[in-house]
Amino acid sequence: ASSYILATLSAAEDRICMKGKKEPVQLSSQELIDCDKNSSCMRGTVNKVLTWGKRKGFLPETCFPTTGAEVECPDEHLTENECRQGNNFYKVIDMCFAQETDGIKRTIMTSGPVLGQINPFTDMLTYKEGVYSRTNESFRFQGNHIFKVVGWESSPEGGSNWIVENTWGEDWGENGYARIASTGDTTLDFYALGFGIYPKTMAEYYEEERMRQQNVEINPFEGMDLD
């Protein structure tokens, strides 16, 4: 499914809100599903989604609304879409791996949610509450699953549990969230993917740069110590 796209964009929305925008931002998953040949409803990777964001940027949802199905990308979309013509999109700056538990926690604290990958097992489908830890009776599904990792909590045993947001709706888990034991049994304990994203649309960024340059031209000595 397209959960890897939804999780990635959700993390991007949070990081935009943390670093700049004060109101919620919703990014378009439909554009990636329809127009990115490396992504689809059936399969894809977080790296490809972030690469699209770095090369072309993420559109707001209002610029390319969700349809609930994968359809053909409109002809000349990248050049003729009104929002793209107006630079109304958010660009990824770069991406990097956070490694080991301490590195992942540090990245969440300083930059916002990260993207973690796990091997999904059948008992995850029926998870309702508490701390999830794979049971011996469960078996693994094919492929991997992506979570947005938003934080962690200390466990009574002296360890910690990851707090993750899933893309399966609020009826799953604890209102769409889960706590996963950090015991070295999942890849969440070893690495996660973080990234940087401009907290403004490129149109806003270019306008601020234009105004800054204009102020420099009007007062070239502003900010200089002339004593």
Side-chain angles (χ1 to χ4, degrees), residues 2-41 43-67 70-71 73-98 103-104 106-117 146-150 165 167 191-216:
S2 59
S3 59
Y4 70 100
I5 296 177
L6 298 177
T8 305
L9 294 183
S10 180
E13 291 162 359
D14 288 351
R15 286 180 172 232
I16 290 169
C17 188
M18 285 179 62
K19 299 296 184 180
K21 299 278 185 177
K22 300 307 179 184
E23 68 278 2
V25 173
Q26 187 172 5
L27 302 176
S28 172
S29 59
Q30 194 68 47
E31 183 188 38
L32 283 132
I33 292 170
D34 293 350
C35 301
D36 182 6
K37 301 305 180 184
N38 295 308
S39 304
S40 71
C41 284
R43 63 176 61 86
T45 66
V46 170
N47 285 356
K48 297 297 185 182
V49 176
L50 291 175
T51 297
W52 175 278
K54 186 174 182 179
R55 293 178 177 175
K56 298 179 173 64
F58 297 133
L59 285 181
E61 167 73 14
T62 53
C63 296
F64 205 113
T66 299
T67 63
E70 183 174 353
V71 299
C73 187
D75 292 338
E76 309 300 329
H77 162 70
L78 291 175
T79 56
E80 295 184 0
N81 177 273
E82 183 176 346
C83 290
R84 289 207 165 275
Q85 288 181 337
N87 290 314
N88 185 22
F89 50 80
Y90 298 86
K91 292 202 78 172
V92 170
I93 303 168
D94 213 341
M95 60 191 92
C96 64
F97 273 111
I104 296 170
R106 185 164 51 249
T107 299
I108 294 172
M109 284 289 292
T110 58
S111 303
V114 297
L115 298 159
Q117 175 179 285
I146 301 297
F147 282 121
K148 180 177 74 173
V149 187
V150 299
E165 183 181 4
T167 56
Y191 63 86
L193 189 59
F195 59 93
I197 188 168
Y198 287 107
K200 301 178 176 65
T201 66
M202 297 313 294
E204 293 169 326
Y205 176 78
Y206 293 147
E207 176 62 17
E208 287 185 359
E209 283 296 296
R210 187 186 69 80
M211 293 296 294
R212 187 181 66 82
Q213 290 295 330
Q214 189 176 61
N215 289 337
V216 170

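As a basis for the values below, the full set of heavy atoms in this structure was taken, side chains included, without hydrogen atoms, waters or symmetry mates.
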Aromatic centroids of Tyr198 and Tyr90 separated by under 6.0 Å: no
For Ile108, does its backbone N or O pair with a side-chain atom of Ser111 as donor and acceptor, under 3.5 Å? no
Do any N or O atoms from the side chain of Lys148 and from the backbone of Ala7 form a donor-acceptor pair under 3.5 angstrom? no
Any sub-3.5 Å donor-acceptor pair from Glu13's side-chain atoms to Leu27's backbone N or O? yes
Out of curiosity, Phe195 CZ to Thr51 OG1, how far, rounded to the nearest 0.5 Å? 12.0 Å
Ser29 to Thr66 - nearest heavy-atom pair and separation: OG-OG1, 4.1 Å
Any donor-acceptor N/O pair, Glu165 side chain to Val149 backbone, under 3.5 Å: no
Residues in salt bridge (Lys or Arg N to Asp or Glu O under 4.0 Å) contact with Glu209, at least two apart in sequence or another chain: Arg212
Any donor-acceptor pair under 3.5 Å linking the side chain of Arg15 with the backbone of Pro199? no
So does Leu6 get a backbone contact from the side chain of Ser10, meaning a donor-acceptor N/O pair under 3.5 Å? no
Any side-chain heavy-atom pair of Pro74 and Phe64 under 4.5 Å: yes
Would you find a donor on one side and an acceptor on the other, under 3.5 Å apart, between the side chain of Trp52 and the backbone of Phe58? no
Does anything in residues 26-38 form a salt bridge (Lys or Arg N to Asp or Glu O under 4.0 Å)? List the pairs, not counting sequence neighbours. Glu31-Arg84
Students often mix this up, so state it plainly: with edges at 30° and 60°, are the rings of Phe97 and Tyr191 parallel, tilted or perpendicular? perpendicular
